[in-house]
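Each ligand, and each atom within it, is numbered from 1 in the order the structure gives.
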Amino acid sequence: MCGIVGILGREPVALRLVEALRRLEYRGYDSAGIAVLEGGEIRRVRAAGKLRNLVEKLSREDLSSTIGIGHTRWATHGGPSEHNAHPHVAGRVAIVHNGIIENYKELRAHLQARGITPVSDTDTEIVAHLIDLKLEEGAGPKEAVLAVLEELRGAFAFAIIFAGHDNLMIGARRGSPLAVGHGEGEMMLGSDAIALAPFTSRITYLEDGDVVFLTREGFEILDEERRHVIRPVQFTQAASLLVDKGGYRHFMAKEIHEQPDVIGHTMAEYLDFGEGRVRIPGLPVDLAALDRMTITACGTAFYAGLVGKYWIEQLARLPVEVDIASEFRYREAPLAEGGLSLVISQSGETADTLAALRYCKACGQKVAAVVNVPESTIARESDAVLRTFAGPEIGVASTKAFTCQLVVMAAFAIAVARARGRIDDEREAELVRAMQQLPRLVVQALEHEERIAEVAQELAHAQDILYLGRGINFPLAMEGALKFKEISYIHAEGYAAGELKHGPIALIDETVPVVVIAPRDALFEKTVSNMEEVLARGAKVVLITDEAGAAEHGAKTFQTITVPAADPFIAPVLYAIPVQLLAYHAAVFLGTDVDQPRNLAKSVTVE
Ligand code: F6R
């Protein structure tokens, strides 16, 4: 999603803005630009495509300004061209924007009626014009921005500078995240702390509805009601976390290989290995008193929720509904006051998940959030935070955040089962012991990478791929297919193995590889019989199973990938590894932009 940065500093800012934008590349973008004030006048440089194109253009400019704003744009209104790239300028106003202005058509018509024709196709430029109109009418910059904010519907974060005002930058947020950075004699704005990491670790997170006025000397925040408020300055870890590839070719590879570690960190938070107990402090409800619960999330996080449902229902016998966040509030699910909703999000900024959270709260539910970014909006708005400790995830395709989400869901399921008297001390200790094996088993699963890379090259020639799984491995099949399609651009779908003959089997011929996820568990034979059905129709089957499964049925398949044998309880975490590696190596083989696949954004802050 779009990334915003603004620096009101003491040294020339142009290259510092680019440095900050580089930190925001992970969010996904298709154009970039900066605007600065040279001699009080706005100078703007923009380029379609990657940041290197912007840097190339900047090398031909001589910019010494100490105030500027920058942006990486992920196209929503208007294609990914230079003329739609931010900053947008109208008269004395330069603005960068993340989000969507829902009533932009009305506002555009209003401008056109005043004889103003925007030159870009964006909703952002409209805002620049509206502010400039207010300036024309005699308002000061602060007054103009406050008045225009009243006219906007939708979600946004802005950073704005004004010709002739060398010591003023205005930020505003509603729905999209925005943070203030505090430097030595300088102030900054950024979509997140990672953007500002090269310059400061002192951050103030703005709340929804806030407007901030920055000068080099300090800042002033007005809340939604336009009252002066003080928001705390926090020291953020993001500044100290070096975001680099650590010797790997891609962030995704690095993040896949970090899993033994980050799974360990996440487990350490919730599992007491000595006692064989699970501890989830701070939950806002009595787990024993629940009669149902809901989980909402998007994409990969949604699949983590689905795996969680299997665990919670099987272990704790508690009914769980899992919804895609973008659909959830539109189906107007009836939710009982005082009940529990869980939301899952790596970024903690996903607009649909945030909207689902707010819907649940409006229904009187208590919300617990499984999030990776503790300072995120979702974390801040939830009643309890169940953190994943995956560290910054930069590759757009989620990997380590997913397995850490699974760890939290497994721990949560054990806690619910325990609270409801469905498992005893002994069973709890047994499950904790099974989880304790995970880092070691994940290392072993990663050892098969070379072999998986060979299989991935075979799959890379396909046009369509089916992933099959049964029971708790069904969500894994969907996650495998999502991973594959998003970074290799090859069509892939995940199906419940037993559902195949109700339609999708018509797709099967010798050109459609079928990836079957089937540990040698209680459902193995059933899944294998579905595998036989596609084998009989000429499909090339890639079976992902353990040694025992491979020994029984590996001979019939086109390829077999083995995963270390493990307690079936933790199988979903382990089977995530080969599906991630299959997708990664197919994409590397095809030469796609693995870390920033086309059209995708890391943090989806629009609906
Ligand atoms: C896929 C992927 C996405 C995200 C989804 C939710 O690899 O990363 O499907 O899982 O956009 O994002 P978060 O977890 O940040 O809410």
Side-chain angles (χ1 to χ4, degrees), residues 1 3 26-28 74 98 175-177 191-192 194 250-253 255-256 259 266 295-308 322-328 342-358 367 369-382 385-388 390-406 408-409 467 475-476 478-489 492 494 576-577 579-584 586-587 592-607:
M1 274 298 99
Y26 77 94
R27 296 164 75 94
W74 186 76
N98 173 16
S176 302
S191 294
D192 59 31
I194 294 179
H250 298 101
F251 280 111
M252 184 176 176
E255 288 160 6
I256 289 174
Q259 288 177 108
T266 305
I295 300 178
T296 34
C298 299
T300 289
F302 167 71
Y303 297 136
L306 273 182
V307 174
V322 190
D323 262 282
I324 296 170
S326 56
E327 284 298 318
F328 179 61
L342 205 72
V343 295
I344 308 176
S345 174
Q346 185 284 127
S347 62
E349 301 293 350
T350 300
D352 286 316
T353 311
L354 182 58
L357 178 163
R358 290 178 179 160
V367 179
V370 179
V371 286
N372 196 40
V373 182
E375 304 95 347
S376 60
T377 313
I378 287 179
R380 281 181 284 130
E381 292 198 14
S382 298
V385 175
L386 310 185
R387 249 187 95 176
T388 50
E393 192 178 62
I394 307 297
V396 161
S398 187
T399 52
K400 61 176 181 168
F402 175 67
T403 46
C404 288
Q405 287 160 355
L406 292 183
V408 176
M409 293 313 298
Y467 280 72
L476 255 286
M478 290 192 282
E479 167 61 3
L482 174 63
K483 218 82 310 170
F484 207 94
K485 68 183 138 197
E486 69 181 327
I487 58 171
S488 71
Y489 315 147
I577 307 299
V579 300
Q580 294 168 352
L581 287 172
L582 264 184
Y584 173 72
T592 60
D593 192 346
V594 172
D595 284 331
Q596 291 165 27
R598 68 184 184 204
N599 306 338
L600 289 177
K602 183 67 184 161
S603 175
V604 184
T605 50
V606 293
E607 269 192 59

Q: Which pair of heavy atoms, one from Glu255 and one from Pro392, lies closest together, and at what distance?
A: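 What the structure gives for the nearest pair is OE2-O, 3.9 Å.
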Q: Considering the options Thr377, Val343, Thr296, Asp352, which one meets the side-chain contact (heavy atoms from CB on, under 4.5 Å) requirement together with Leu357?
A: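 Of Thr377, Val343, Thr296, Asp352, side-chain contact (heavy atoms from CB on, under 4.5 Å) with Leu357 is met by Val343 alone.
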Q: Compute the shortest N/O to N/O distance between Thr353 and ligand 1 and return yes if it is under 3.5 Å, no if not.
A: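 N/O-N/O distance under 3.5 Å: no.
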Q: Between Thr353 and Ser345, which heavy-atom pair has the shortest distance, and what is it?
A: CG2-CB, 4.4 Å
Q: Who gets closest to atom 8 (O) of ligand 1 by heavy atom: Val396, Thr350, Ile378?
A: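 Shortest heavy-atom distance from atom 8 (O) of ligand 1: Val396.
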Q: Indicate the ring-plane relationship of Phe484 and Tyr467, choosing parallel, tilted or perpendicular according to the 30° and 60° boundaries.
A: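 Answer is tilted, since the angle falls between 30° and 60°.
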Q: Against heavy atoms of Ser345, which atoms of ligand 1 measure under 4.0 Å?
A: 13 (P), 14 (O), 15 (O), 16 (O)
Q: Which of the numbered atoms in ligand 1 are under 4.0 angstrom from any heavy atom belonging to Ala301?
A: 10 (O), 14 (O)
Q: N/O of Gln405 under 3.5 Å from N/O of ligand 1, yes or no?
A: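 There is no such contact.
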Q: For atom 7 (O) of ligand 1, grab the closest protein heavy atom and report residue, atom and distance to one decimal in Å.
A: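 Nearest protein contact, heavy atoms only, for atom 7 (O) of ligand 1 is Glu486 OE2, 2.4 Å.
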Q: How close do Pro597 and Ile487 get, heavy atom to heavy atom, and via which atoms?
A: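 Smallest interatomic distance, heavy atoms only, reads CG-CG2, 3.9 Å.
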Q: Closest non-hydrogen protein atom to atom 6 (C) of ligand 1, residue and atom name please, with distance?
A: Cys298 O, 3.3 Å
Q: Starting from atom 3 (C) of ligand 1, find the nearest protein heavy-atom neighbour and note its residue, name and distance.
A: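 That would be Thr300 N, 4.0 Å.
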Q: What are the two closest heavy atoms between Phe302 and Ile324, and how far apart are they?
A: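 Phe302 and Ile324 have their closest heavy atoms at CE1-N, 3.6 Å.
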Q: If you look at every heavy atom in Gln259 and Thr399, which pair is closest and at what distance?
A: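 Smallest heavy-atom distance, with atoms named: OE1-O, 3.3 Å.
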Q: I need the minimum non-hydrogen distance between Arg387 and Val408, along with the two atoms involved.
A: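 So the two residues come closest at O-CG2, 3.8 Å.
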Q: If you have a sec, work out which protein heavy atom is nearest atom 11 (O) of ligand 1 and how many Å separate them, to one decimal?
A: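 Scanning the protein heavy atoms, the shortest distance from atom 11 (O) of ligand 1 goes to Val604 CG2, 4.2 Å.
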Q: Considering heavy atoms of the protein only, find what lies nearest to atom 14 (O) of ligand 1 and give residue, atom and distance to 0.1 Å.
A: Gln346 N, 2.6 Å
Q: Short list, please: which atoms of ligand 1 are under 4.0 Å from a heavy atom of Lys483?
A: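 Answer for ligand 1: 1 (C), 7 (O).
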Q: Any idea which atoms of ligand 1 are less than 4.0 Å away from a heavy-atom of Ser347?
A: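 The list of qualifying atoms is 13 (P), 15 (O), 16 (O).
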